[in-house]
S.K.: 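Okay, handing you the structure first.
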Amino acid sequence: MTKKGRILTGDRPTGKMHLGHYVGSLANRVRLQSTYDCFFIVADLHTLTTKPEREHIANLAQNIHDCVLDYLSVGIDPDQATIFLQSGVPETYELNLIFENLVSVARMERIPSLKDMARAANMEDSMPFGLLGYPILQAADILLPRGNLVPVGKDNESHVEITREIARRFNNLYGDVFPIPDVLVGDVPSLIGIDGQAKMSKSLNNAIFLSDTAEEVTQKVRGMFTDPNRVRADIPGRVEGNPVFIYHDAFNPNVDEINDLKERYLLGKVGDVEVKKKLTIAINNFLEPIRERRAQYQSQPGLVEDVLVAGTERARAEAQKTMAAVREAMGMYRLPVKTL
Ligand code: ATP
Ligand code: MG
């Protein structure tokens, strides 16, 4: 079957993946993997932008493994999609340097999500040059396999815009090498965390992980933030923007049950306990097949590494083709030595 185009997207291996990743990006990946040629990147080099210390680098091996396992668990099929490791494709460094010269510092400084990331990493006053360049490195990731569709969460939309600008600028300067990729934001563009304060994030301790046990889910939902003004069950509550209902809408397929709960909540005729009990059931039903797939993959030692090695070889072959086209288009001088 001819595929509709190429997808490139991925994640930093900074920890276990959560429900926010699912609704923001993973669901689209699973849905589109049979109709698009998919490249899913485990972006280990991107972790250096906020976590350059050895202790974080030492965690990468485990985090990379967990990230691939998360992909497989949600139903990404390694026979259909290419799952690969960013640092295993050294052409990434090369294209990144070329792209760094196609965008202004002022443009990069206007990207709001980078300031958020710097703040979250306590780097507001010491933002590394590499963090400012985070979306440029992403542009290299997206354009090395010449991806034309990028499924990501809302916080990444402005980064894909940089990729589009760089691709246009490259093509204008040197000739048509790159597609101008489209962004595809998930059904829930930015899922709020269980704390009700910020988007669900690996690093904010407000996540329900795809690998959580049923008991962990029960406890996390029990402690979830709801309507802070509702101190008793017989007080009418707020449904809109209330995390428990945002999660019901995202993970409970029983629309009648949700509507009934919302109606009664607005009237002060249902307690948080019932709303949360039903949410726990819905989330655990949603996670159960993911847990089963995880257990199956985990029972095959070496499989995750094999998937990653095969995927990285394929991604590298594509990257080499693209870099040959890039050098050709730019007319870069090449030393007349075979090995260079
Ligand atoms: P970190 O805290 O290390 O930044 P993160 O949880 O924000 O981790 P990322 O690896 O930065 O996760 O994001 C990977 C992908 O998942 C991106 O496309 C991002 O937009 C999406 N994503 C992350 N969190 C959410 C969320 N809460 N809702 C929707 N999409 C999300
Ligand atoms: Mg993030």
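Source: prediction; values computed, not measured.
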S.K.: Taking Leu144's backbone N and O only, do any of them form a donor-acceptor pair with Thr322's side chain (distance below 3.5 Å, no angle check)?
M.R.: yes

S.K.: Kindly say whether Gly331 contributes a backbone atom to a donor-acceptor pair with the side chain of Tyr174 at under 3.5 angstrom?
M.R.: no

S.K.: Just to verify, what does Phe99 make a ring-ring contact (aromatic ring centres under 6.0 Å, His included) with, not counting sequence neighbours?
M.R.: Phe178

S.K.: Taking atom CD of Glu328 as the centre, does the number of heavy atoms from other residues, nucleotides or ligands within less than 6.0 Å exceed 12?
M.R.: no

S.K.: Is the count of non-hydrogen atoms from other residues, nucleotides or ligands lying under 6.0 Å from Lys115 atom NZ greater than 12?
M.R.: yes

S.K.: Would you please classify the geometry between the Phe245 ring and the Tyr265 ring as parallel, tilted or perpendicular, with 30° and 60° separating the classes?
M.R.: perpendicular

S.K.: State the CD1-CD1 distance between Ile166 and Ile98, to the nearest 0.5 angstrom.
M.R.: 11.5 Å

S.K.: Any idea which heavy atoms bring Met127 and Ala118 closest together, and the distance?
M.R.: SD-CB, 3.6 Å

S.K.: Ile208 and His18: side-chain contact (heavy atoms from CB on, under 4.5 Å), yes or no, with the steps?
M.R.: CA-CA 6 Å; Ile208 294 178; His18 51 65; 5.9 Å; no

S.K.: Find out whether Lys276 and Thr226 are in side-chain contact, i.e. whether some heavy atom of one side chain is under 4.5 Å from a heavy atom of the other.
M.R.: yes

S.K.: Once rounded to the nearest 0.5 Å, what's the spacing between atom CG of Leu279 and atom CD of Glu257?
M.R.: 9.5 Å

S.K.: For Arg232, enumerate each residue passing the side chain to side chain contact (heavy atoms under 4.5 Å, CB included) test, keeping only those at least two apart in sequence or located in another chain.
M.R.: Asp234, Ile235

S.K.: Using 0.5 Å steps for rounding, measure from the CG atom of Leu48 to the CG atom of Leu131.
M.R.: 11.5 Å

S.K.: Between Thr163 and Val150, is any pair of side-chain heavy atoms under 4.5 Å apart?
M.R.: no

S.K.: Look only at the side chain of His21 and the backbone of Lys202, and say whether a donor-acceptor pair between them is shorter than 3.5 Å.
M.R.: no

S.K.: Quick one: closest heavy-atom pair of Asn206 and Lys199, and the distance?
M.R.: ND2-O, 3.2 Å

S.K.: Look up atom CG in Leu32 and atom CG in Leu184, then write down how far apart they are to the nearest 0.5 Å.
M.R.: 6.5 Å

S.K.: I'd like to check Tyr71 versus Val307 (side-chain heavy atoms, cut-off strictly below 4.5 Å). Are they in contact?
M.R.: no

S.K.: Going hydrophobic residue to hydrophobic residue with side-chain gaps under 4.5 angstrom, can you get from Leu149 over to Ile180?
M.R.: no

S.K.: Give a yes or no on whether Lys220 atom NZ has more than 12 heavy-atom contacts from other residues, nucleotides or ligands under 6.0 Å away.
M.R.: yes

S.K.: Please answer whether the main-chain N or O of Gly75 pairs with a side-chain N or O of Gln33 as donor and acceptor at a distance below 3.5 Å.
M.R.: yes

S.K.: Any donor-acceptor pair under 3.5 Å linking the side-chain atoms of Asn96 with those of Glu100?
M.R.: yes

S.K.: On a heavy-atom basis, which atom in Asn28 and which in Gly186 lie closest, and how many Å separate them?
M.R.: ND2-CA, 3.6 Å

S.K.: Can you name the closest pair of heavy atoms from Ala325 and Val177 and give their distance?
M.R.: O-CG2, 4.1 Å

S.K.: Do Ser211 and Lys16 have side-chain atoms, one donor and one acceptor, less than 3.5 Å apart?
M.R.: no

S.K.: Can you tell whether the side chains of Arg168 and Glu165 come within less than 4.0 Å, N to carboxylate O?
M.R.: no

S.K.: Mind checking whether Pro181 and Leu143 have side chains closer than 4.5 Å, heavy atoms only?
M.R.: yes

S.K.: Would Asp11 and Arg29 pass as an ion pair if we require N to O under 4.0 Å?
M.R.: yes

S.K.: Without hydrogens or angle criteria, can the side chains of Ser87 and Asp44 be said to hold a donor-acceptor pair below 3.5 Å?
M.R.: yes

S.K.: Please check if the side chain of His46 supplies one atom and the backbone of Tyr134 the other of a donor-acceptor pair under 3.5 Å.
M.R.: yes

S.K.: Locate the shortest heavy-atom distance separating Met224 from Val244; write the atom from each residue and the value.
M.R.: CE-N, 3.7 Å

S.K.: Between Glu94 and Arg327, is the salt bridge (charged side-chain N to carboxylate O under 4.0 Å, His left out) condition met? List the steps.
M.R.: CA-CA 11 Å; Glu94 212 178 331; Arg327 286 187 213 106; 2.8 Å; yes

S.K.: Is it the case that more than 12 heavy atoms not belonging to Asn101 sit under 6.0 Å from its CG atom?
M.R.: yes

S.K.: Do Phe209 and Glu216 have side-chain heavy atoms sitting under 4.5 Å apart?
M.R.: no

S.K.: Given side chains that start at C-beta, do those of Thr9 and Phe40 come closer than 4.5 Å, heavy atoms only?
M.R.: yes

S.K.: Taking the basic N atoms (NZ, or NE/NH1/NH2) and the acidic carboxylate oxygens, is any pair closer than 4.0 Å for Asp37 and Arg314?
M.R.: yes

S.K.: Rounded to the nearest 0.5 Å, how far apart are CD of Glu240 and CD1 of Ile246?
M.R.: 9.0 Å

S.K.: Give the intermediate values and the outcome of side-chain contact (heavy atoms from CB on, under 4.5 Å) for residues Asp141 and Leu45.
M.R.: CA-CA 11 Å; Asp141 298 335; Leu45 299 176; over 6 Å; no

S.K.: Which donor-acceptor pairs under 3.5 Å do side chains of residues 292-302 form with protein atoms, sequence neighbours excluded?
M.R.:
{"residue": "Arg293", "atom": "NH1", "partner": "Ser73", "partner atom": "O", "Å": "2.4"}
{"residue": "Arg293", "atom": "NH1", "partner": "Val74", "partner atom": "O", "Å": "3.4"}
{"residue": "Arg294", "atom": "NH1", "partner": "Asp70", "partner atom": "OD1", "Å": "3.3"}
{"residue": "Arg294", "atom": "NH2", "partner": "Asp70", "partner atom": "OD1", "Å": "2.7"}
{"residue": "Ser299", "atom": "OG", "partner": "Gln296", "partner atom": "O", "Å": "2.7"}
{"residue": "Gln300", "atom": "NE2", "partner": "Gln296", "partner atom": "O", "Å": "3.2"}

S.K.: Could you walk me through whether Ile283 and Asp212 pass the side-chain contact (heavy atoms from CB on, under 4.5 Å) check?
M.R.: CA-CA 11 Å; Ile283 294 179; Asp212 276 348; over 6 Å; no

S.K.: Gly133 and Met108: which non-hydrogen atoms are nearest, and at how many Å?
M.R.: CA-CE, 4.3 Å

S.K.: Taking atom types as modelled, is there a side-chain donor on His56 or Thr47 under 3.5 Å from an acceptor on the other?
M.R.: no

S.K.: Can you confirm whether Leu114 sits close enough to Glu109 that some side-chain heavy atom of one is under 4.5 Å from a side-chain heavy atom of the other?
M.R.: no

S.K.: Are Thr50 and Arg12 packed together at the side-chain level, in the sense that at least one heavy-atom pair is separated by less than 4.5 angstrom?
M.R.: yes

S.K.: Would you check, one step at a time, whether the test side-chain contact (heavy atoms from CB on, under 4.5 Å) holds for Gln80 with Cys38?
M.R.: CA-CA 8 Å; Gln80 294 211 56; Cys38 289; over 6 Å; no

S.K.: Show your working on salt bridge (charged side-chain N to carboxylate O under 4.0 Å, His left out) between Lys277 and Glu274 and close with a plain yes or no.
M.R.: CA-CA 5 Å; Lys277 265 194 182 141; Glu274 185 183 340; over 6 Å; no

S.K.: Check the pair Tyr22, Phe251 against ring-ring contact (aromatic ring centres under 6.0 Å, His included), reporting the backbone distance first and the verdict last.
M.R.: CA-CA 10 Å; Tyr22 190 85; Phe251 300 104; 7.2 Å; no

S.K.: Quick check for you: to the nearest 0.5 Å, what is the distance between Leu102 atom CG and Arg107 atom CZ?
M.R.: 13.5 Å

S.K.: Could you go through the salt bridge (charged side-chain N to carboxylate O under 4.0 Å, His left out) check for Glu313 and Arg316 one step at a time?
M.R.: CA-CA 5 Å; Glu313 278 168 2; Arg316 180 142 202 229; over 6 Å; no

S.K.: For Gly311, does its backbone N or O pair with a side-chain atom of Thr82 as donor and acceptor, under 3.5 Å?
M.R.: no

S.K.: A quick test of your reading: do over 12 heavy atoms of other residues, nucleotides or ligands sit less than 6.0 Å from CG of Asn259?
M.R.: yes

